[in-house]
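In what follows, a structure is listed as structure tokens, so that the remarks can point back to it.
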Amino acid sequence: MDKITSKFDKILSASIYVGNVEHDPDASKEVLSNSKDKTMPFPDLTGNYQRNKGIPSKSFKDSKVYIVGSGIAGLSAAYYFIRDGHIPGKNIVFLDQLSIEGGSLDGAGNAEDGYIIRGGREMEMTYENLWDIFQDIPALEMPAPYSVLDEYRLLNDNDPNYSKARLIHNKGDIQDFSKFGLDKRDQLAIVKLLLKKKEDLNDLTIEDYFSESFLQSNFWFLWRTMFAFENWHSLLECKLYMHRFLHTIDGMKDLSCLVFPKYNQYDTFVKPLTEHLKSKGVKIQFDTLVKDLDIHINSEEKIVKGIITEQNNKEVVIPVGENDYVIVTTGSMTEDTSYGTNTKPAIEAIDNSQSGTSDGWKLWKNLAAKSSVFGKPEKFCSDIEKSAWQSATLTCRPSDLTEKFKEYCVNDPYSGRTATGGIVTITDSNWLMSFTINRQPHYPTQPDDILVVWVYALYIDKQGNHVQKTLPQCTGNEILSELCYHLGLENQLENAIENTIVRTAFMPYITSMFLPRAVGDRPEIVPNGCKNLGLVGQFVETKNDVVFTVESSVRTARTAVYKLLNSNKQVPDIAGAQYDIRHLLKATKALNDYKSFPGEGILKRVLKNTYFEHVLPMDEEPEEHHNSFIEEQFGKLQEWAKNL
């Protein structure tokens, strides 16, 4: 490394900043000020300046890296070890209990047996860490030098996403979703929640805070079904979501704030990233269960000495050297998934007595038993009834059902363009069922006459409106029957069943990361005292980011690498739109259903015909403006000032 920076030795030797970088700065705590002590960008000031190539603090050419879990967090960690740590790819080994990479980002099947995707991914433009990676990963269907990001932009810049049927009811009628329907008290509750400190919301639930009128509003229907929130979930996580996506609130009604890939999440992200890593020499060892870590712990430090695995029913201990690193994905939101078919339910019954007993949770539990710095996994894996929901993937040949689906699509679903533009929620469904048709084909080899439709529900413990069973008790055909009932196709059910393959997935921990939590329940990405261990994924602590997104997984991986290697680079905080007056005013207007908010008239008069006039949100329907008494007096004051 000395040769790389030899011409800068005089500067670096005198610098107080070398080796003293705050790798994950917190924009919610930093008061903005330019000074001689501020050499790095502000935490949420993202841009090309942060695309510099980091200089490792030392040579890591002999270091080995062991990554437990090959989900998007683990794959991202390998990418950053190579790009910013200059660690040779051949020194990186994945250890995965599964037999395929990708973790929760799956996408499998075929037209004959049926496709299966356990969940979808709603993306947006400020996923800075995700796009940081994929602007360097070779494209799927374009020649070099184009990237996955280039393909993504080409698609979404020219095929805008929006929904014309975000909410439906009454046997398939499109419901008015143009308004959020929040009264003044509920709007004020949102404002107050945004103002609250995070540490004041420990273990509180959403229903502990919000009123029944809020929980019955269009806003909550739109919000909860888009993000999969239950009323008993964490109020803190709900607050973080409101900060994280404040700039998108006005686009949530019709989902125009989202951007979607061409294919499913596995083929879009996991496959090209895995191929890139393998081209660098990275190795993936499947069918390897990591049960525990041998950690040397004293009052000052915690150092991993060995990885205790089970391979071919035998215990194998992998030694870890003093210059090696270990990355662990704690917990799994898709652990213990059970699958069903057209004629078989995914599970017989929910068995809460088995919560958190499977192999996917044992490693985190074993770590937590060693020290409190590793968090409290039992907070997230002990109540299946509050963390589970179920999804279904429909593989549809042309039928009366596919003809009905066309009514909810903004373009012909067979055209390759945006279809439903996101989920369509059935508001009068006892299960609160939603379905979505992404761009087709959803799989690269999918036949032209096949549609792949994803269905999920939040109220799985309630009986259906038509099928008098709870969702987990239902076969795929019974779920299809319930869907057809809500679309007004009861008489066409036989035709729908004949032409539809249904594969269901019951996921006991899919929203476990949303369960109420307190400080310390989730471990830090690099827990206190850890010298060669980083924790990544959905169950670790970040400064301001949310869980249940691909972006947060990548963020945790990038942070782990930078901290462990003491890199001279920072991970940018979430986009700073929450502090931008334009987005604050836009969100205020949207939450008030585009009616004037207090003080808006004064702002319009102050800013009219000025450089800053554009910061005010547009009115949906221009109305004749009537001056209030205060505005009238303010106008007189302006005239008096001009005369002076």
Side-chain angles (χ1 to χ4, degrees), residues 8 11-12 14-57 76 80 83-84 124-136 149 191 194-199 236 239-249 257 524-526 540-547 549-588 611-612 614-615:
F8 298 84
I11 294 174
L12 297 179
S15 173
I16 62 173
Y17 305 107
V18 173
N20 293 302
V21 174
E22 177 59 47
H23 298 103
D24 55 339
D26 188 349
S28 69
K29 299 290 178 63
E30 181 173 314
V31 177
L32 301 189
S33 175
N34 284 301
S35 72
K36 64 180 179 59
D37 298 320
K38 183 63 182 173
T39 62
M40 292 282 191
F42 297 126
D44 53 1
L45 189 65
T46 59
N48 288 332
Y49 191 69
Q50 292 172 319
R51 282 283 291 171
N52 63 300
K53 292 179 174 62
I55 309 298
S57 56
S76 301
Y80 283 113
R83 193 193 79 176
D84 292 329
E124 62 102 24
M125 299 175 188
T126 66
Y127 282 7
E128 297 296 339
N129 296 289
L130 179 72
W131 305 134
D132 178 70
I133 285 183
F134 283 99
Q135 65 181 310
D136 291 336
L149 176 61
V191 173
L194 292 171
L195 292 174
K196 286 183 179 294
K197 291 185 176 181
K198 292 182 287 186
E199 52 267 29
L236 171 58
K239 168 187 168 65
L240 292 174
Y241 261 77
M242 289 181 174
H243 286 278
R244 179 69 178 83
F245 298 110
L246 181 140
H247 62 287
T248 68
I249 282 179
C257 57
E524 297 293 328
I525 294 172
V526 177
V540 294
E541 201 63 65
T542 62
K543 292 292 189 347
N544 295 303
D545 213 344
V546 298
V547 294
T549 68
V550 178
E551 166 70 1
S552 59
S553 288
V554 178
R555 173 183 297 281
T556 62
R558 191 177 185 183
T559 303
V561 173
Y562 287 8
K563 281 180 175 288
L564 289 173
L565 303 186
N566 196 17
S567 173
N568 66 325
K569 293 195 65 172
Q570 292 181 316
V571 181
D573 204 345
I574 64 172
Q578 59 176 316
Y579 305 114
D580 187 327
I581 187 65
R582 297 169 300 171
H583 289 293
L584 289 169
L585 291 172
K586 178 167 65 72
T588 300
Y611 178 82
F612 293 102
H614 70 287
V615 306

Asn544 and Ala27 have their tightest heavy-atom pair at ND2-N, 4.0 Å
d(Tyr579 OH, Leu32 CG) to nearest 0.5 Å is 9.0 Å
Atom OH of Tyr241 and atom OG1 of Thr549: how far apart are they, to the nearest 0.5 Å?
6.0 Å
Less than 4.0 angstrom from a charged side-chain N to a carboxylate O is my criterion; do Arg83 and Asp136 meet it?
yes
Flag yes if more than 12 heavy atoms outside Phe612 fall under 6.0 Å of its CZ atom; otherwise flag no.
no
Report the C-alpha separation of Leu584 and Leu246 in whole Å, then their side-chain angles, then the decisive distance to 0.1 Å, and conclude whether the side-chain contact (heavy atoms from CB on, under 4.5 Å) test is met.
CA-CA 8 Å; Leu584 289 169; Leu246 181 140; 4.0 Å; yes
pair Arg244-Glu551: side-chain heavy atoms closer than 4.5 Å:
yes
Aromatic plane relationship, Tyr611 with His614 - under 30° parallel, 30 to 60° tilted, over 60° perpendicular
perpendicular
Looking at every non-hydrogen atom in both residues, tell me the closest pair between Glu30 and Phe42 and how far apart they are.
OE2-CD2, 3.6 Å
Nearest heavy-atom contact between Glu124 and Phe245 is CG-CE2, 3.9 Å
Are Val21 and Met40 packed together at the side-chain level, in the sense that at least one heavy-atom pair is separated by less than 4.5 angstrom?
yes
Tell me if the NZ atom of Lys196 is crowded by more than 12 foreign heavy atoms within 6.0 Å.
no
Of all heavy-atom pairs linking Tyr17 and Thr39, the shortest is CE1-CG2, 3.7 Å
Indicate the atoms forming the closest heavy-atom contact of Pro41 with Gln570, along with that distance.
O-OE1, 4.0 Å
Between the side chains of Arg555 and Ser76, does any donor sit under 3.5 Å from an acceptor?
no
Of all the heavy-atom pairs spanning Pro43 and Lys38, show the shortest one and how long it is.
CD-NZ, 4.4 Å
From OG1 (Thr556) to CG (Asp545), nearest 0.5 Å:
9.0 Å
With the threshold set at 4.0 Å, does a side-chain nitrogen-carboxylate oxygen contact exist between Asp132 and Arg51?
yes
Any side-chain heavy-atom pair of Asn129 and Ser552 under 4.5 Å:
no
Determine whether Lys569 and Asp84 satisfy the following criterion, side-chain contact (heavy atoms from CB on, under 4.5 Å), listing intermediate values before the conclusion.
CA-CA 9 Å; Lys569 293 195 65 172; Asp84 292 329; 4.1 Å; yes
Is it true that a side-chain atom of Lys239 and a backbone atom of Lys198 form a donor plus acceptor pair closer than 3.5 Å?
no
Less than 4.0 angstrom from a charged side-chain N to a carboxylate O is my criterion; do Glu128 and Arg558 meet it?
no
Within the side chain of His243, is there an N or O that forms a donor-acceptor pair under 3.5 Å with the backbone of Gln578?
no
Ser57 (side chain) donor-acceptor with Leu565 (main chain) under 3.5 angstrom:
yes
Tested for salt bridge (charged side-chain N to carboxylate O under 4.0 Å, His left out) against Lys543, the lone hit among Asp24, Asp573, Asp44 is Asp24
